[in-house]
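First up is the structure itself, then whatever we jot down about it.
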Protein chains: 2
Amino acid sequence: MEIKTLCLGILALGDATGYEIKKLVAEGSFSFFSEASYGSIYPALSKLTKDCLVTCKAMAQEGRPDKKIYSLTDTGREALNHSLKRAPGPDKNRSEFLAAVLFAEAVAPERISDLIEERILEHKQKIHALGELLETDMTPGSKFVIEYGISMQRAALDHLVKNREDFEKHTMSGQNNETPARTTTAAH
Amino acid sequence: MEIKTLCLGILALGDATGYEIKKLVAEGSFSFFSEASYGSIYPALSKLTKDCLVTCKAMAQEGRPDKKIYSLTDTGREALNHSLKRAPGPDKNRSEFLAAVLFAEAVAPERISDLIEERILEHKQKIHALGELLETDMTPGSKFVIEYGISMQRAALDHLVKNREDFEKHTMSGQNNETPARTTTAAH
DNA sequence: GTGTACATGTAAAGTGTTACATGATTTC
DNA sequence: GAAATCATGTAACACTTTACATGTACAC
């Protein structure tokens with residue numbers, strides 16, 4: 001999902017400033033399945049304004065840049081509607097953790113236990129954080145989505161707790177720190 | 001995780017060509033938590049070779065470009081080890097599906113049911129595909145990681161099956177296709 | 001004969017992040 | 001007095017994808 005569509009969609013939920021969009025994406029209902037920095041949001045909003053998909057009202061403020069409140073136009077709503085008709089692209093899940101687990105197996109198996117330990121803590125923290133979000137954030141959609149996030153975090157946590165011992169046992173026995181199993185050609 | 005580190009790690013599991021790395025990332029143990037195209041892999045391998053983190057043996061072939069088999073050097077192994085010492089960055093989960101659900105709530109609630117229906121099918125297919133992978137792919141690490149993927153897919157599937165009815169009921173009653181609830185300022 | 005698998009590589013275009021620039025106000 | 005919150009914006013850089021370029025060989 002490109003940032004422009006993301007902004008368009010967020011504005012369909014209500015008027016907002018660039019700053020507020022950033023907060024939603026960083027801490028709100030969007031936090032666990034999207035990302036965007038100011039450096040991408042502000043240009044996106046400018047472009048959308050230029051293309052007449054949103055309008056912008058500048059509100060003067062003292063000691064601060066004007067607050068710019070963006071609203072979706074009818075054209076913008078149509079455009080969003082149009083892009084919702086196509087099936088959403090597949091999820092993109094990038095996990096340095098999982099990669100680290102696979103790599104550590106070959107290069108530093110003694111690291112795996114710590115890796116999993118820390119991960120478990122992170123999941124617990126995230127479940128807690130999402131739980132708190134649930135208390136503020138209340139449209140059926142955000143509720144559904146945040147609860148989805150909680151389900152996923154719990155599933156990851158459960159998997160780690162249930163399978164770590166078995167996995168660690170396997171990697172311990174094979175302690176091959178400096179000489180990994182080299183198969184003919186990459187038969188992983 | 002940048003592509004260079006990804007290549008380095010994959011080569012720690014065994015020698016491979018760029019083509020094989022691409023396949024691993026597209027269909028193998030890495031498929032559900034990383035991504036990379038030829039356009040990023042080949043340049044990455046060149047750079048790694050230039051920096052002496054990997055070496056490259058060209059194998060002549062008939063009617064095809066030389067097959068270039070890359071191997072990790074000791075320096076490369078050290079570099080990988082070094083980067084494994086830092087805690088892995090947080091996962092990046094981008095989901096057009098979840099965004100579409102949130103946006104559809106405001107703009108086209110009648111679309112939600114289809115969206116979820118298709119999603120359920122996709123999860124079932126992915127669970128099946130990962131199950132098949134399990135039968136070929138067998139180091140404890142890949143097994144652990146693929147089973148992790150299956151757990152996550154199952155959790156998503158379960159969540160959708162269990163919560164869709166309740167959620168759809170809520171969005172149906174509020175049928176606000178053309179006039180979404182506009183709060184003062186983005187209180188989603 | 002059509003499509004897929006094999007096999008590498010480059011260039012242009014797209015998309016995004018990071019760091020910088022600016023500065024008041026409020027909370028600890 | 002230090003740090004966070006509010007508020008916008010640009011420029012340089014990083015990274016990646018897409019499309020192109022170039023073929024052979026085998027399966028259906």
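All chains are named by letter (A, B, ...) in the order of the sequence lines, taking the proteins before the strands, and each is independently numbered beginning at 1.
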Seminar exercise, completed: Hits for side-chain hydrogen bond (donor to acceptor under 3.5 Å, both in side chains) against B:Ser151, two or more places apart or cross-chain, chain-then-number order -> A:His159
For this session: From the options C:dG9, D:dT5, C:dT8, select the nucleotide whose nearest atom is closest to the side chain of B:Tyr19.
Result: C:dT8
Problem set entry | Atom pair distance, as rounded to whole Å: NZ in B:Lys57 and C1' in C:dA7 | 19 Å
Problem set entry | Counterpart residues, side-chain hydrogen bond (donor to acceptor under 3.5 Å, both in side chains), relative to B:Tyr70 (two or more places apart) | none
For this session: Between D:dT16, D:dG9, D:dT8, spot the one nearest the side chain of A:Thr17, thanks.
Result: D:dT8
Problem set entry | Those residues that, when tested against B:Ser46, pass side-chain hydrogen bond (donor to acceptor under 3.5 Å, both in side chains) (two or more places apart) | none
Problem set entry | Proximity to DNA chain C (any heavy atom under 4.0 Å), residues of residues 36-51 of chain B only | B:Gly39, B:Tyr42
For this session: Grab the CZ-C1' distance between A:Arg94 and C:dT17 for me, whole Å please.
Result: 14 Å
Seminar exercise, completed: Taken to the nearest whole Å, CG/A:Leu24 to P/D:dA7 is 14 Å
Exercise. Please give, in whole Å, the distance from C:dT8 C1' to B:Met59 CE?
Worked result: 16 Å
Problem set entry | Euclidean distance, atom OH of residue B:Tyr70 to atom P of C:dA7 [Å, nearest integer] | 14 Å
For this session: Answer yes or no: does a side-chain N or O of A:Gln61 lie under 4.0 Å from OP1 or OP2 of D:dA7?
Result: yes
Problem set entry | Heavy-atom side-chain contact between B:Ile150 and B:Phe32 under 4.5 Å | no
Under 3.5 Å donor-acceptor pairs involving side-chain atoms of residues 33-45 of chain A, not counting sequence neighbours:
unit_1, atom_1, unit_2, atom_2, d
A:Ser34, OG, A:Phe30, O, 3.0
A:Ser40, OG, A:Ser37, N, 3.3
A:Ser40, OG, A:Ser37, O, 2.9

Exercise. Contact class for B:Lys23 (heavy atom, under 4.0 Å): base, sugar-phosphate, or nothing?
Worked result: sugar-phosphate
Problem set entry | Angle of first-five versus last-five pair axes in the helix from C:dG1-D:dC28 to C:dC28-D:dG1, to 10 degrees | 50°
Exercise. Taking protein heavy atoms under 4.0 Å as touching, what does nucleotides 22-28 of chain C look like 5' to 3' if B marks base contact, S marks sugar-phosphate-only contact and - marks none?
Worked result: -BS----
For this session: Under the side-chain hydrogen bond (donor to acceptor under 3.5 Å, both in side chains) rule, collect the residues that match up with B:Glu117, sequence neighbours excluded.
Result: B:Arg164
Problem set entry | Phosphate OP1/OP2 of D:dT8 contacted by A:Lys68 side-chain N/O (<4.0 Å) | no
Under 3.5 Å, side-chain donor or acceptor atoms of residues 121-128 of chain A against the rest of the protein: list the pairs with distances, not counting sequence neighbours.
unit_1, atom_1, unit_2, atom_2, d
A:His123, ND1, A:Gln153, OE1, 2.7
A:His123, NE2, A:Arg119, NH1, 3.4

For this session: Name all residues meeting the side-chain contact (heavy atoms from CB on, under 4.5 Å) criterion together with A:Gln61; count only those two or more places apart in sequence or in a different chain, and write none if there are none.
Result: A:Arg64, A:Lys67
Seminar exercise, completed: Here the distance between atom P of C:dT15 and atom CD of B:Glu96, to the nearest Å, is 12 Å
Exercise. For the pair made of CD in B:Glu20 and P in C:dA5, what is the distance, rounded to whole Å?
Worked result: 15 Å
Exercise. What is the minimum heavy-atom distance between B:Lys47 and B:Lys4, and which atoms define it?
Worked result: NZ-NZ, 3.7 Å
For this session: Under the side-chain contact (heavy atoms from CB on, under 4.5 Å) rule, collect the residues that match up with B:Thr73, sequence neighbours excluded.
Result: B:Thr55, B:Thr75
Seminar exercise, completed: side-chain contact (heavy atoms from CB on, under 4.5 Å) filter on A:Lys57, not counting sequence neighbours, yields none
Exercise. Once you round it to whole Å, what is the distance between P of D:dA14 and NZ of B:Lys4?
Worked result: 10 Å
For this session: Anything under 30° is parallel, anything over 60° is perpendicular, the rest tilted; go ahead and classify A:Tyr148 against B:Phe97.
Result: tilted
